[in-house]
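See structure below.
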Amino acid sequence: MVSIITPVFNRQEFLDECVQSILNQSYKNWELILIDDCSTDASVEMIKNYVALDNRIKAYFFNKNVGAGVARNKGIDISTGRFVAFLDSDDYWHKEKLNKQIEFMLERNIDFSYTYSIKLDKNDDPSRVLLPPKNVNSFALLFNNYIKTPTAIYDTKRIGKIFMPDFRKRQDWGLWFNILEKTKKAYCLSLPLAYFRTSNDSLSKNKLKLLKENFNFYKIHLNKNNLVSFFLMILFLFVHLSFRVFFERNIK
């Protein structure tokens, strides 16, 4: 069984599309764990309706806002499936996502996998497809977070339950490092099976936020000193921008 972890915070606009993409999966052996992070919109009522709709859907409600990382960890903790997958509440999947990816992992004895993904534009239309490398290890991951959260699945039977680091920014990236301490590589299924939305912030603002968050990640999570953290931060920006130029394709 696949346990799908979905943190929710004020996502009434997108939540139905997210959940419907799971209900529409051709692979049926799953549980969806919706973790509400103290939403103040209609998300809470929507979650309760989903739980009543399908007994594969479960919910947990925080009484204070804890952030996506803590919410995802709660979902991992209470999950019962062999495989753990992630789908944020404003993203969605292709209907063959679980079927294709679980088959890929089982046939090749893969512990940790990811897929190509599709970026949605401001009008929610598919705009660009991301084509990450066929495999990555922890060294490659230092220079770019190639693994988009809604594309990732890992096998708890082979490597156990692994959790996100306890901070609000870059928790997914930290989880990939934690998983890669247990297995040498993550492998890519070269099909675009996940759709994701991006922030509406300006590109320059995003760059500044990215640099600051990455510096803190290298220093705090990876225990690098200031000089090494700064050097890695600059290399990350270069590799990240190069990836966007050479490994993202417009969808015509």
Quick check: closest heavy atoms across [X] and [Y], and the distance to 0.1 Å?
{"X": "K148", "Y": "L130", "result": "CE-CD2, 3.6 Å"}
{"X": "L120", "Y": "T198", "result": "O-OG1, 4.4 Å"}
{"X": "I47", "Y": "F61", "result": "CG2-CZ, 3.7 Å"}
{"X": "G69", "Y": "Q171", "result": "N-NE2, 3.5 Å"}

Is a donor on one side and an acceptor on the other found under 3.5 Å between the side chain of [X] and the backbone of [Y]?
{"X": "R128", "Y": "R244", "answer": "yes"}
{"X": "S3", "Y": "V84", "answer": "no"}
{"X": "N178", "Y": "F163", "answer": "yes"}
{"X": "K161", "Y": "S79", "answer": "yes"}
{"X": "S229", "Y": "N225", "answer": "yes"}
{"X": "N73", "Y": "M164", "answer": "yes"}
{"X": "N135", "Y": "A186", "answer": "no"}
{"X": "S21", "Y": "Y92", "answer": "no"}
{"X": "S89", "Y": "P7", "answer": "yes"}
{"X": "T183", "Y": "L180", "answer": "no"}

Are [X] and [Y] close enough that some pair of their side-chain heavy atoms sits under 4.5 Å apart?
{"X": "V245", "Y": "L241", "value": "no"}
{"X": "I147", "Y": "W173", "value": "no"}
{"X": "L34", "Y": "I57", "value": "yes"}
{"X": "T6", "Y": "D88", "value": "no"}
{"X": "F215", "Y": "F230", "value": "yes"}
{"X": "T115", "Y": "F104", "value": "no"}
{"X": "Y218", "Y": "L142", "value": "yes"}
{"X": "L211", "Y": "F236", "value": "no"}

Between W30 and F83, ring centroids under 6.0 Å: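 Centroid distance W30-F83: not below 6.0 Å, so no.
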Atom [atom1] of [X] and atom [atom2] of [Y]: how far apart are they, to the nearest 0.5 Å?
{"X": "L189", "Y": "L191", "atom1": "CG", "atom2": "CG", "value": "4.5 Å"}
{"X": "F62", "Y": "F9", "atom1": "CZ", "atom2": "CZ", "value": "13.0 Å"}
{"X": "I110", "Y": "Q101", "atom1": "CD1", "atom2": "CD", "value": "9.0 Å"}
{"X": "L23", "Y": "L53", "atom1": "CG", "atom2": "CG", "value": "6.0 Å"}

[X], [atom1] atom: more than 12 neighbouring heavy atoms under 6.0 Å:
{"X": "F247", "atom1": "CZ", "answer": "no"}
{"X": "K119", "atom1": "NZ", "answer": "yes"}
{"X": "E248", "atom1": "CD", "answer": "yes"}
{"X": "F238", "atom1": "CZ", "answer": "no"}
{"X": "D166", "atom1": "CG", "answer": "no"}

All pairs passing salt bridge (Lys or Arg N to Asp or Glu O under 4.0 Å) where residues 18-47 contributes a residue, at least two apart: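 For residues 18-47: E31-K58.
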Would you kindly say whether [X] and [Y] are connected by a side-chain donor-acceptor distance under 3.5 Å?
{"X": "E96", "Y": "N99", "result": "yes"}
{"X": "K219", "Y": "N226", "result": "yes"}
{"X": "Y187", "Y": "D111", "result": "no"}

Geometric class of the F243/Y146 ring pair [parallel <30°, tilted 30-60°, perpendicular >60°]: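 Aromatic pair Y146/F243 classed perpendicular.
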F112 and its ring pair (Phe, Tyr, Trp, His ring centres under 6.0 Å) partner, picked from Y154, F177, W176: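 Of the listed residues Y154, F177, W176, the ring pair (Phe, Tyr, Trp, His ring centres under 6.0 Å) partner of F112 is W176.
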The single option from D124, D91, D90, D125 passing salt bridge (Lys or Arg N to Asp or Glu O under 4.0 Å) against R197: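 Only one option passes, and that is D124.
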Electrostatic pair R56:D54 at N-O distance under 4.0 angstrom: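 Yes.
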Cationic tip of K74 above Y60 ring, under 6.0 Å, 45° of axis: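 Yes, cation above the ring, under 6.0 Å and within 45°.
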